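To find a chain, count down the sequence lines: A is the first, B the second, and so on, and within it residues start at 1. Keep in mind the model is a prediction, meaning the values are calculated, not measured.
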Number of protein chains: 2
Amino acid sequence: MADRIKVFHLEDYKILRDGIRFLLSQDQDIDIIGEARNATELLDYLEKNSVDVLILDIYLDGMEDWRTPDGFEICGIVTQQYPQTKVVAHSVYDDADRVAKIMRAGAMAFVSKKSGYEELIHAIKLAYAVKRYICTETSKKLKNLNEFLSGMEDTLKAENEFFSRREKIVLELMAKGYSSKDIAKELFISEKTVETHRKNMVDKACVKNTVELMAYASSRGFLKN
Amino acid sequence: MADRIKVFHLEDYKILRDGIRFLLSQDQDIDIIGEARNATELLDYLEKNSVDVLILDIYLDGMEDWRTPDGFEICGIVTQQYPQTKVVAHSVYDDADRVAKIMRAGAMAFVSKKSGYEELIHAIKLAYAVKRYICTETSKKLKNLNEFLSGMEDTLKAENEFFSRREKIVLELMAKGYSSKDIAKELFISEKTVETHRKNMVDKACVKNTVELMAYASSRGFLKN
DNA sequence: AATAAAATCCGGGATTTCCCGGATAAATTG
DNA sequence: CAATTTATCCGGGAAATCCCGGATTTTATT
């Protein structure tokens with residue numbers, strides 16, 4: 001992460017743009033380089049500038065107008081014409097159909113507006129690292145109802161197999177308070193290997209350290225306990 | 001924790017004694033120094049040996065016999081005559097009445113047989129450290145139904161207010177990947193103070209380090225996210 | 001008002017993690 | 001079979017945590 005992540009925000013409510021701009025400005029790695037209220041403004045901007053991550057409110061006002069594309073179309077256009085720009089879908093509607101639809105349209109992440117800004121930040125970082133993500137609430141909802149598995153296996157699979165077999169074992173031992181040295185002894189591998197697994201998981205989850213990794217893994221049900 | 005925790009197991013089913021003996025042998029800090037099927041064997045043993053923690057199955061076979069004490073009585077006898085021996089109650093029945101009864105009889109912890117061995121290990125360590133504990137499942141069940149608050153306030157209160165206000169704030173920031181330095185800046189306190197809070201939480205939870213603390217706190221719903 | 005608990009601060013030294021940048025072999029997947 | 005991922009291993013140095021043992025002030029609680 002040498003440079004900051006260049007984020008563009010498409011959202012028709014000013015109060016939300018303002019709020020999110022402020023909240024995301026807190027994060028060291030994120031730069032909001034532009035905002036827009038509609039697709040035209042966004043596409044104009046994209047023609048002349050490079051954007052790492054687009055926060056896309058799927059339901060924009062004035063969508064009744066048949067001439068302007070809706071959120072799903074925008075997502076499709078952006079991901080096809082500007083593949084380096086990753087889309088984080090942001091919406092109040094978090095039902096399986098619409099989440100699946102936007103992901104199929106090429107979004108890297110979906111975050112419900114019910115979620116806090118932490119989720120959004122996390123989604124941005126993961127999207128930037130070309131990793132799919134669905135916010136905790138929505139993820140839980142869809143997982144429990146088992147609605148999602150039909151249309152979008154790959155995404156959930158990616159969630160389930162987020163960590164490798166070995167990494168999961170290391171994670172479990174970490175959760176039991178084992179140090180790298182302890183884990184190395186337990187698994188008959190080098191301490192350095194354990195540290196690598198640890199580091200790889202921290203990177204995969206886009207978190208800062210193993211403590212946050214633990215919070216992340218635990219809240220996402222990656223642990224047995 | 002210089003010496004291992006000397007654990008005695010009272011349980012009438014052999015298969016359970018065998019299983020638990022094996023499972024607990026995995027833990028570095030725990031030594032199963034004895035087992036028994038009935039109260040007589042236990043009390044004989046206690047006369048001659050010291051026991052740190054007694055895992056007590058409350059409902060033993062042959063309890064119909066009026067001459068042998070039941071689990072609650074055993075608990076009372078042990079906690080009174082051998083106060084250094086802490087009782088971890090283990091039972092299939094996890095309703096409020098019986099949990100309250102066994103805790104009133106002097107048990108330091110209650111673990112449902114529906115729980116995994118990790119809970120049992122945790123209960124043993126907490127009991128050894130003279131801390132009350134009720135397993136996650138039972139705790140949740142009783143908390144939700146609000147049955148428990150009437151008779152045994154102190155115990156549940158201890159669960160709810162396990163961490164102090166300040167500690168909880170530090171915990172939240174830790175879960176976000178903040179280092180002690182980061183937290184210190186955020187809260188305008190010294191780095192050393194943060195480390196103290198950290199350490200105190202690790203001690204309270206009877207865990208080895210902050211990573212395990214995080215797993216513990218998260219699985220127990222101590223975190224917002 | 002006395003006692004207890006919580007929050008704050010401090011230091012030194014051992015241990016651990018984190019971060020940088022590697023490398024190799026095995027397994028999986030396309 | 002080639003490419004990718006996974007699992008393994010390594011080193012050095014900076015940063016952070018852990019562990020030992022304190023201490024003071026503020027805030028309950030009784």
## Note on the structure
When rounded to whole Å, the CG to P distance for the pair Asp203(B) and dA5(C) reads 16 Å

### Message
Students often get this wrong, so: under 4.0 angstrom with heavy atoms, is Thr196(A) touching a base, only sugar-phosphate, or nothing?
### Response
base

### Task
Could you list the residues that satisfy side-chain hydrogen bond (donor to acceptor under 3.5 Å, both in side chains) with Glu212(B), not counting sequence neighbours?
none

### Query
Touch check for Asn200(B), heavy atoms < 4.0 angstrom, all strands: base, sugar-phosphate only, or nothing?
nothing

### Message
Let me spell it out: for each of His197(A) and Thr210(B), pick the nucleotide of DNA chain D with the closest heavy atom. Which residue's pick is nearer the 5' end?
### Response
His197(A)

#### Entry: Under 3.5 Å: donor-acceptor pair, side chain of Asn209(A), backbone of Val211(A)
yes

### Task
Only counting residues at least two apart or in another chain, list the ones meeting salt bridge (charged side-chain N to carboxylate O under 4.0 Å, His left out) with Lys199(B).
Asp203(B)

### Query
With sequence neighbours left out, what residues match Ala123(B) under side-chain contact (heavy atoms from CB on, under 4.5 Å)?
Val88(B), Ala109(B), Val111(B), Tyr133(B)

#### Entry: Sequence-distant partners of Lys176(A), salt bridge (charged side-chain N to carboxylate O under 4.0 Å, His left out), two or more places apart
none

### Query
What orientation do Tyr216(B) and Phe163(B) show, parallel under 30°, tilted 30 to 60°, or perpendicular over 60°?
perpendicular

#### Entry: Nearest heavy-atom neighbours spanning Val207(A) and His122(A)
CG1-NE2, 4.1 Å

#### Entry: Gln28(B), CD: over 12 other non-hydrogen atoms inside 6.0 angstrom
no

### Query
Once each nucleotide of nucleotides 24-30 of chain D is scored for protein heavy atoms under 4.0 Å, what B/S/- sequence comes out, 5' to 3'?
----S--

### Task
Could you check which residues of residues 181-195 of chain B get a heavy atom under 4.0 Å from DNA chain C? Sort them by number, please.
Ile189(B), Ser190(B), Lys192(B), Thr193(B)

